[in-house]
Structures are given as structure tokens and as C-alpha cells.
Amino acid sequence: MAVIRIKSSSGSYEVHCANGILARASALVSRLRDATGIFIVSSPTIWKHCGRAASSAFRGLAHRQAILFDDAETEKRLAIVEELCRALIHLGADRRAVIVAVGGGVVGDVVGFAAASYLRGVRLVHIPTTLVAQIDSSIGGKTGVNLPEGKNLIGAFYPPQMVITDPDLLNTLPHREFRSGLYEVVKTGIIADVELFAFLERHMLSCLRRDPETLASVIVRCIRVKANVIGRDERESSLRQILNFGHTFGHALETFTGYRRFLHGEAVGWGMCAATLLALATGRLAARDAARILRSILSVGHLPALPKIPAAKLRALLAGDKKSRGGRIRWVLPRRIGSIVVGVEVPWPLVSRVVGELPGIVREAQNQTRVATARHPDARVRNRADYSAIQ
Ligand code: GLY
């Protein structure tokens with residue numbers, strides 16, 4: 001089992017990561033002293049897949065029936081936080097309650113914000129059940145909800161007491177959602193981990209096949225990268241912005257399409273392609289690295305088609321990004337694989353040109369990637385990847 005300590009201004013906490021660790025959730029959560037009740041919050045879909053395992057994991061602890069809410073991105077709104085808090089009151093949750101969020105990014109963000117607000121803050125444990133949540137959103141204390149005007153515009157930094165990460169929970173994840181998480185895995189390699197990036201170039205097929213050992217080691221690797229970033233800049237004053245690579249354009253896409261067309265990772269996939277081309281166009285990134293980055297993003301799979309966004313609308317959406325200052329868009333761009341620069345302002349005509357060229361360039365790169373993937377030696381490896389290379 002890997003135990004990764006995350007430094008936080010409100011005390012450090014641990015991520016416990018291992019295949020099958022859900023069965024030990026009760027023992028882990030009972031380390032939290034004087035809990036008057038364990039209140040599990042999840043979604044109907046997730047509960048269908050792992051409710052039985054989660055319920056039996058908490059057998060013996062004073063816990064109530066799970067509170068379930070729809071975890072569609074469109075349901076990530078303030079009204080749901082109110083509903084959750086009211087449900088907690090009706091179930092008798094007091095200040096010594098422990099809220100356990102079992103689910104993906106939406107569940108973690110919404111339940112985290114409810115835990116931060118309920119009685120001015122009760123203890124929170126994350127049990128992430130999607131790849132995005134396991135490697136990213138369950139770590140670092142970001143909680144919140146969307147507004148029609150933009151993503152995650154209301155929220156709080158509210159670190160959990162503990163994260164319990166079981167890669168086996170990913171076995172039942174729909175393939176599209178699993179792939180969506182892989183874009184964020186690739187992001188981790190691009191922003192901070194050359195070895196992980198190179199590993200993914202060789203073993204993407206093993207990841208796509210969800211080889212348990214490959215996946216567990218890749219997840220631990222990503223958690224360590226995030227732990228390192230959060231430990232140095234929890235409040236996103238500078239370094240943490242590197243985690244937003246691909247998110248400036250990605251969030252604009254999600255908002256423009258009403259959170260319906262793209263899964264978060266897919267929008268980030270497009271966003272990373274856009275940021276890579278911007279870095280190339282502004283002379284910050286070498287063509288060879290840009291090509292490797294695009295290939296790696298596209299090796300995850302097919303991205304849903306880009307909508308046509310009128311230029312003025314796109315500009316307004318991008319300017320609404322949380323990293324903007326005085327309406328000026330500040331990009332997060334790669335300067336080489338494993339290294340990122342934040343706060344870059346790019347002239348609008350160039351942004352507009354790159355976004356216009358994006359679909360054609362990505363289509364071409366996608367065709368090349370398809371050929372390269374079919375020829376890749378790993379395509380013949382059925383069972384195992386050389387995961388030791390990145391441990
Ligand atoms: N997902 C980006 C962050 O946690 O900062």
C-alpha cells in the first residue's frame with residue numbers, strides 16, 4: 001500500500017492507495033477520533049456499482065443510510081449543497097460527524113463544499129471512484145460548484161481528513177469516463193514528470209486495458225506529483241496553476257456546451273492541445289516536444305468534435321477563467337515536456353488563429369497517432385506493462 005502525505009495549512013492528511021483498500025475503509029476512518037456518525041454521500045449510479053462494497057466496508061461503524069444525489073456536471077450547483085445540508089440536519093449530523101464522499105469529481109467537489117459549510121465545517125473523507133478523482137480532484141482541498149457563467153466559480157479550499165483510493169473501483173467505470181481520466185494522467189506527465197510521460201508513451205495501451213499493476217503505479221505516481229505541488233502552493237498563488245494546464249480552454253468548452261457535450265477530461269484534452277499549439281506558436285515550445293505532447297494526448301482516444309464558438313463569446317469565456325487578471329487571459333503553457341510556465345498573456349489574434357486551426361491539426365495528428373499506435377510494440381503485449389520503470 002502507498003501512503004502519501006499531503007501538506008495543508010489546516011494540518012496534513014494522508015492518501016491511502018492500494019488495490020482492494022476499500023475493504024479497510026472502516027479501520028482507516030475509525031482513526032478519526034470521537035466521530036458521532038459516519039454520513040456517506042454518493043450518487044445513485046456510483047452506489048449501484050460500489051454501494052454494497054462501501055456499506056460492508058463501514059459495517060460496525062455508526063453510520064447512516066447513504067445520501068444520494070445525481071452527479072451529472074449539470075447538477076454541480078448551489079441548490080444541491082443546500083439539499084445535502086438539509087438532509088444532514090434531518091439525519092442528525094452534528095459537529096463531530098464525518099462526511100464520506102464516495103464518487104467522482106462532482107461528488108467530491110459538491111460534498112466537500114457541503115462539508116466545508118455545514119455547521120461551519122465538519123470532517124470530510126474522500127473515497128474517489130473515478131480516475132480523475134483518484135489522481136486529481138480528491139487531493140488538494142478544492143471544493144465547489146458551477147454557475148451558468150462558469151465552472152467552479154463558487155467554492156472553498158477545504159482539505160479532507162483522509163483520502164482512501166482503491167484503483168479496483170475503476171473496474172466498473174464506463175470506458176469513456178475512464179479515458180477522460182487518462183487525459184489528466186497525461187497532463188501530469190506533461191506538467192511535471194518526464195518519466196511518467198515517457199512511460200505513457202510506451203504503455204498507453206496497458207493503461208487503456210486497465211492492467212491493475214500499471215494503473216495502481218500510475219495513480220500513485222500522479223498523486224505524488226500533486227502532493228508535491230499542493231505542499232508548495234496549496235492556495236494556487238503560483239505553482240499550483242500548473243495543474244490548470246489545458247483548463248483555460250477546457251473550462252470555456254465545458255461552459256459553452258452547458259457541461260453536456262464533454263466529460264471534464266475530454267475538455268481538458270482539447271485544452272491541452274490548444275495550449276500546446278499556443279506554446280509552439282509563441283516560440284516557447286520546440287516542434288518536436290509539441291508533436292510528442294499532441295501524440296500522447298491523442299493516444300488516449302478520440303476527442304468529441306469541437307463546437308464552433310463565436311470569437312467574441314470565446315474571448316469572454318476565456319476571460320472569465322479564475323486565472324484572468326483585469327479581464328486579461330493568462331495561459332498555462334508547456335515550455336518542454338515536464339516543465340510549464342504560468343501567467344502567459346498571448347495576443348488575441350494569435351489565440352483566435354490557433355483555435356481556428358485546432359480541429360484540422362488535431363485531426364491530422366489523430367490519424368498519425370492511430371497508425372503509430374497500431375504499430376507500437378505494446379499493442380502486442382496483452383497482460384503486463386513494465387510498470388517498474390516508473391515506480
Ligand atoms: N485540479 C486542479 C487543482 O487541483 O488545482
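Counting starts at 1 for both ligands and their atoms, in listed order. This one's a predicted model, so the numbers in the text were calculated from it and none came from an experiment.
- Against a heavy-atom cut-off of under 4.0 Å, Arg240 is close to the following atoms of ligand 1: 3 (C), 4 (O), 5 (O).
- For Arg210, the CZ atom counts as densely surrounded, since its 6.0 Å shell holds more than 12 non-hydrogen atoms of other residues, nucleotides or ligands.
- Residue Glu236 approaches ligand 1 through these ligand atoms, each under 4.0 Å from one of its heavy atoms: 5 (O).
- The distance criterion of under 3.5 Å between nitrogen or oxygen atoms is not met by Asn244 with respect to ligand 1.
- Between the side chains of His264 and Glu73, no donor-acceptor pair is found at a separation under 3.5 Å.
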Quiz: residues 279-286 side-chain donor-acceptor pairs under 3.5 angstrom, not counting sequence neighbours:
unit_1: Thr282; atom_1: OG1; unit_2: Leu278; atom_2: O; d: 2.8
unit_1: Thr282; atom_1: OG1; unit_2: Ala279; atom_2: O; d: 3.2
unit_1: Thr282; atom_1: OG1; unit_2: Arg284; atom_2: NH1; d: 3.0

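- No side-chain N or O of Gln134 forms a donor-acceptor pair with one of Thr165 less than 3.5 Å apart.
- Of the N and O atoms on the side chains of Ser180 and Glu266, not one donor lies less than 3.5 Å from an acceptor on the other residue.
- For a threshold of 3.5 Å applied to N or O pairs, the pair formed by Lys142 and ligand 1 contains at least one separation below that value.
- Checking Leu243, Ile242, Ile230 against atom 2 (C) of ligand 1, the nearest heavy atom belongs to Leu243.
- Cluster membership for Phe245 and Leu263, using ILVMFWY side-chain heavy atoms within less than 4.5 angstrom, is not shared.
- Counting the atoms of ligand 1 from 1 in the order shown, those under 4.0 Å from a heavy atom of Asp136 are 1 (N), 2 (C), 4 (O).
- At under 3.5 Å, a nitrogen or oxygen of Lys226, whether backbone or side chain, sits near a nitrogen or oxygen of ligand 1.
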